[in-house]
Structures are given as C-alpha cells and as structure tokens.
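Written out below as structure tokens is the structure these notes cover.
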Amino acid sequence: MHIIRRENQVERERAGLSQDAMLSCETEGRARSAEPDFLRNEFQRDRDKIIHAKSFRRLSHKTQVFIAPEGDHFRTRLTHTLEVAQIARTIARALGLNEDLTEAVALGHDLGHTPFGHTGEEALAAAIGRHRGIPADDSRVADLYRHNVQSLRVVEFVENEGRGLNLTSEVRDGIVCHTGPVRAETLEGRIVAVADRIAYVNHDIDDAIRAGILEERNLPESTHAVLGSDHSARIETLVTDAVVASAAAGDIRLSDSAFAAMGELREFLFDSVYKSDPVLREVAKAQHLIAGLFDYFVSHPEAVPVECLAVAEGDVVRAVTDYIAGMTDRYATRVYQDLFIPQPAFFSSACKSI
C-alpha cells in the first residue's frame, strides 16, 4: 500500500475529470484562509465539515413530507439528503465532473430546513412578517424565510457558535442556489438542483404509497409511459436522461419530455398528497405550534439561547428565527408542550396538597 496525498488527488482530478469540471485546486477559497490538509482536497474537507456539523445530525429528526409518521421507513430530511447525494454523485461521475464538490453541496443543501418541512418554512415566514409589521397578504412575506438562504446562513454564521464552517465559495454557492431562480455557478452545483427534484418527487410518491394515500396505479399514465412504471424505473430513467441530455447540451438539464413528465408528477403530488386531508390536518397543527413558539420567544428573549442572540447581533426576531429553524420536530413539540400544555405530574402533586 501507499499513501495517496492531497497532491496526488489533485493530479488525479487534472488527469481524469472533464475540462468542464471544477477542480479542487482552482477553488476561489474560503472566507478565512486555512492550511491545506495532508490527505483531503478542499471539497473533501467541506464534505467532512458538513457531516460533523450539529445541523446535519438534526436532519434525522426533521420532517420530509409526513409529520410524525407512524413507521420507521418514511423519509426524513436526512434520508432525503443522502438520496440527493447518491443521485447527484452518479450524475457527476458519469459526466466526468467533480464528485467531491457535488457531494459536499448535496449534503449541505438542506441544513437550513425548519421542523415540519415546508410547512415550518411557511409558518416561519408568516411569523417573521407579523413581527416585522408586514401584512400577511404582502407578496414579500414568502421571501422572509427561504430554507436555501438559511442553509447558507447556517454554514456561514450559525454553526460553531457564530464562526460557521468556513466552506469554499463553490460549496456555499451550490447550497444557496440549489433552488430558486439563480443557478449555481458550477456544473456540480447545478447537478444537485436537478438531483434534489429527482429525489423528492420519487420518494414522496413512495412514502405516499406507504402511507396508503396513493397506489402506483393512481399516477398519471402519461408519466408511466415516459418515466417507467415504478420507483426504481423512474429514478433510473431520470438519472440516465440527465446524463445524456446534459452531455449533449454542455450544461446540466433534463430532456424536454423527462422535464415535462417530472413536472406533471410534481403537480400530481401537490393535488393528491401535499394537499390531502391526512397531510393538511397535521399541517395546521404544525403551523399553530411554530407561530406559538415564535411569539413566545420574541416576547421572552431571555429564553433564547445566548449563542443565537450573539450570532443575530441583538436582532431578537433574527435570533428566534435561527433558534426555531434549527429545532427538530420532536424538540419543537417538546418545547411547545413545556410552555403551553399543563403537565399531569404538577396537577397530581398539587391535588395531594389540597
């Protein structure tokens, strides 16, 4: 055996990757300079920083779609992240692009997600608007909390008591641009944006079937014809399509037919799953919980962790946003119960003293 050092890996990148790939030795760097690692290239270091971050570990107890599902096989925000990383790496490898950069972006793309999935994101935006004096029907409210922007804030400021993770520019760009109108600067970052959609459209269908909301035969036949008749076939079709279409275009994309079919599936999910009665019943509870926590902590800033207040530089609304956004589903529920739900043990002891 022999040691493969960082310098050896850089040479492998130069020799083996496409000319369109982002090489680790050509990174624009970090906000704070750091000595090169003996073994790992810059993007590998970023991947490891993300995996060891507290915000990454908390993803295991954050909702993907189904809030408090009964069963061990439903996706969480962490398993979603891992599926995105797997799909993205496959596409990057097939195109001769940088897998390390792709993986780092994929693993960090959802660090800013709230408890209770996109429901929590919407509830936080509404709460921020209320406390900033912005009317609920104002179009600006939706932009007050975006999980991709919060993901960037997490890696730049929130982690490590305000020091952030000090990631490379390319990874930070890929994280914030994985959704929204602005595309990532690197092809690797753009791969994650496509892989994210491939992953969630397909695993949300799988989870809906597991929950008894859907059956495979309920899906539009037109999507079966284009993408395949089951979960595995759809992912294989979309990944292969992304590789072939991207290689032909010189940019990351899906073919028109695959893109249209995936869009049709997404619309179907909104109508049949995301807006279904079982999901909406829990959505309303989660929105009420987030609003209650937000109002309480804004009124009681002394109850907000000091590190959140320090990172927010005294902006209480910003500090409360960071605090609640970082909560897991179960922690948010427990805090709400402690604050607003009478505790049986208290009443039991009180009754004995009467």
Side-chain angles (χ1 to χ4, degrees), residues 56-92 102-103 105-121 147-148 151 175 178-179 191-220 223-224 226-243 254 258-276 278-280 282-283 286 328-329:
F56 182 79
R57 294 195 294 275
R58 289 196 298 267
L59 295 177
S60 64
H61 296 290
K62 291 192 176 189
T63 289
Q64 174 59 27
V65 171
F66 294 95
I67 298 172
E70 294 184 3
D72 295 331
H73 299 140
F74 288 92
R75 269 73 170 190
T76 65
R77 190 60 58 178
L78 179 60
T79 59
H80 161 73
T81 295
L82 296 176
E83 290 183 35
V84 172
Q86 177 267 315
I87 291 170
R89 286 189 61 184
T90 298
I91 296 171
T102 305
E103 182 180 31
V105 173
L107 293 175
H109 83 282
D110 267 356
L111 294 180
H113 244 299
T114 61
F116 311 115
H118 288 284
T119 295
E121 185 172 4
H147 75 271
N148 57 315
S151 293
I175 286 173
H178 82 269
T179 188
I191 285 174
V192 174
V194 172
D196 184 35
R197 289 157 180 77
I198 293 173
Y200 80 68
V201 165
N202 284 284
H203 65 47
D204 287 358
I205 291 171
D206 191 49
D207 279 353
I209 292 173
R210 181 170 289 106
I213 296 175
L214 289 181
E215 294 182 17
E216 182 69 45
R217 61 184 177 85
N218 300 139
L219 270 61
T223 64
H224 279 152
V226 175
L227 302 178
S229 60
D230 58 33
H231 178 76
S232 178
R234 279 189 292 273
I235 292 180
E236 182 177 359
T237 297
L238 285 166
V239 169
T240 302
D241 184 274
V243 170
L254 292 168
F259 183 80
M262 191 166 70
E264 186 177 359
L265 277 180
R266 189 170 181 272
E267 290 181 10
F268 174 80
L269 282 169
F270 270 97
D271 293 337
S272 302
V273 178
Y274 305 147
K275 296 179 181 179
S276 66
V279 172
L280 290 180
E282 301 307 311
V283 161
T328 62
D329 295 18

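Nothing here was measured: the structure is a model prediction, and the numbers come from that model.
- Note that the CG atom of Asp206 and the CG atom of Asn202 stand 8.5 Å from one another [nearest 0.5 Å].
- Val243 meets the side chain to side chain contact (heavy atoms under 4.5 Å, CB included) test with Ile91, Ala94, Leu95; sequence neighbours excluded.
- The structure places NE2 of His113 at 9.0 Å from CG of Asn148, a figure rounded to the nearest 0.5 Å.
- For the residue pair Ser272 and Ser276, the shortest heavy atom distance occurs at O-CB, 3.5 Å.
- Contact annotation: the side chain of His224 never approaches that of Arg217 to less than 4.5 Å [non-hydrogen atoms, C-beta and beyond].
- Side-chain contact check for Asp207 and His73: no donor-acceptor pair (N or O, by modelled atom type) lies under 3.5 Å.
- Atom CD of Glu236 is surrounded by 12 or fewer heavy atoms from other residues, nucleotides or ligands within 6.0 Å.
- The shortest non-hydrogen separation linking Leu227 to Thr237 is O-OG1, 2.9 Å.
- Minimum interatomic distance between Asn218 and Leu214 (heavy atoms only, all atoms of both residues): OD1-C, 3.6 Å.
- Rounded to the nearest 0.5 angstrom, Ile205 CD1 and His231 NE2 are separated by 9.0 Å.
- Residues forming a ring-ring contact (aromatic ring centres under 6.0 Å, His included) with Tyr274 (at least two apart in sequence, or on another chain): Phe270.
- A donor-acceptor contact shorter than 3.5 Å links the side chain of Thr114 to the backbone of Glu121.
- In this structure a side-chain-to-backbone donor-acceptor pair under 3.5 Å is present from His109 to Ala106.
- Taking all atoms of both residues into account, the shortest heavy-atom contact from Ala261 to Thr223 is O-CG2, 3.6 Å.
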Go through it in stages, so that I can follow the logic: the residues are Val279 and Lys275, the test is side-chain contact (heavy atoms from CB on, under 4.5 Å), and I'd like the CA-CA distance, side-chain angles, deciding distance and then a yes or no.
CA-CA 7 Å; Val279 172; Lys275 296 179 181 179; over 6 Å; no
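- Minimum heavy-atom separation, Gly112 to Ser151: N-OG, 2.8 Å.
- The OG1 atom of Thr90 sits 10.0 Å away from atom CD1 of Ile191, with the distance rounded to the nearest 0.5 Å.
- A distance-only check finds no donor-acceptor pair linking the side chain of Asp329 to the backbone of Pro115 [under 3.5 Å].
- The NZ atom of Lys62 sits 9.0 Å away from the CZ atom of Arg77 when rounded to the nearest 0.5 Å.
- Expressed to the nearest 0.5 Å, how far CG of Leu59 lies from CD of Gln64 amounts to 10.5 Å.
- His178 and Ile175 make their closest contact through ND1-O, 2.7 Å (heavy atoms, listed as atom of the first residue, atom of the second, distance).
- In this structure, Glu83 and Tyr200 have side chains that are not in contact, with every pair of non-hydrogen atoms separated by 4.5 Å or more.
- A heavy-atom distance below 4.5 Å is not found between the side chains of Ile198 and Arg234.
- Taking the side chain as every heavy atom from C-beta outward, Leu78 and Phe56 approach each other to under 4.5 Å.
- In this structure, the side chains of His147 and Thr179 come closer than 4.5 Å at one or more pairs of heavy atoms.
- At a threshold of 4.5 Å between non-hydrogen side-chain atoms, the residues Met262 and Asp241 do not count as touching.
- Annotation for Arg210: atom CZ counts as buried by contact number, over 12 foreign heavy atoms lying within 6.0 Å.
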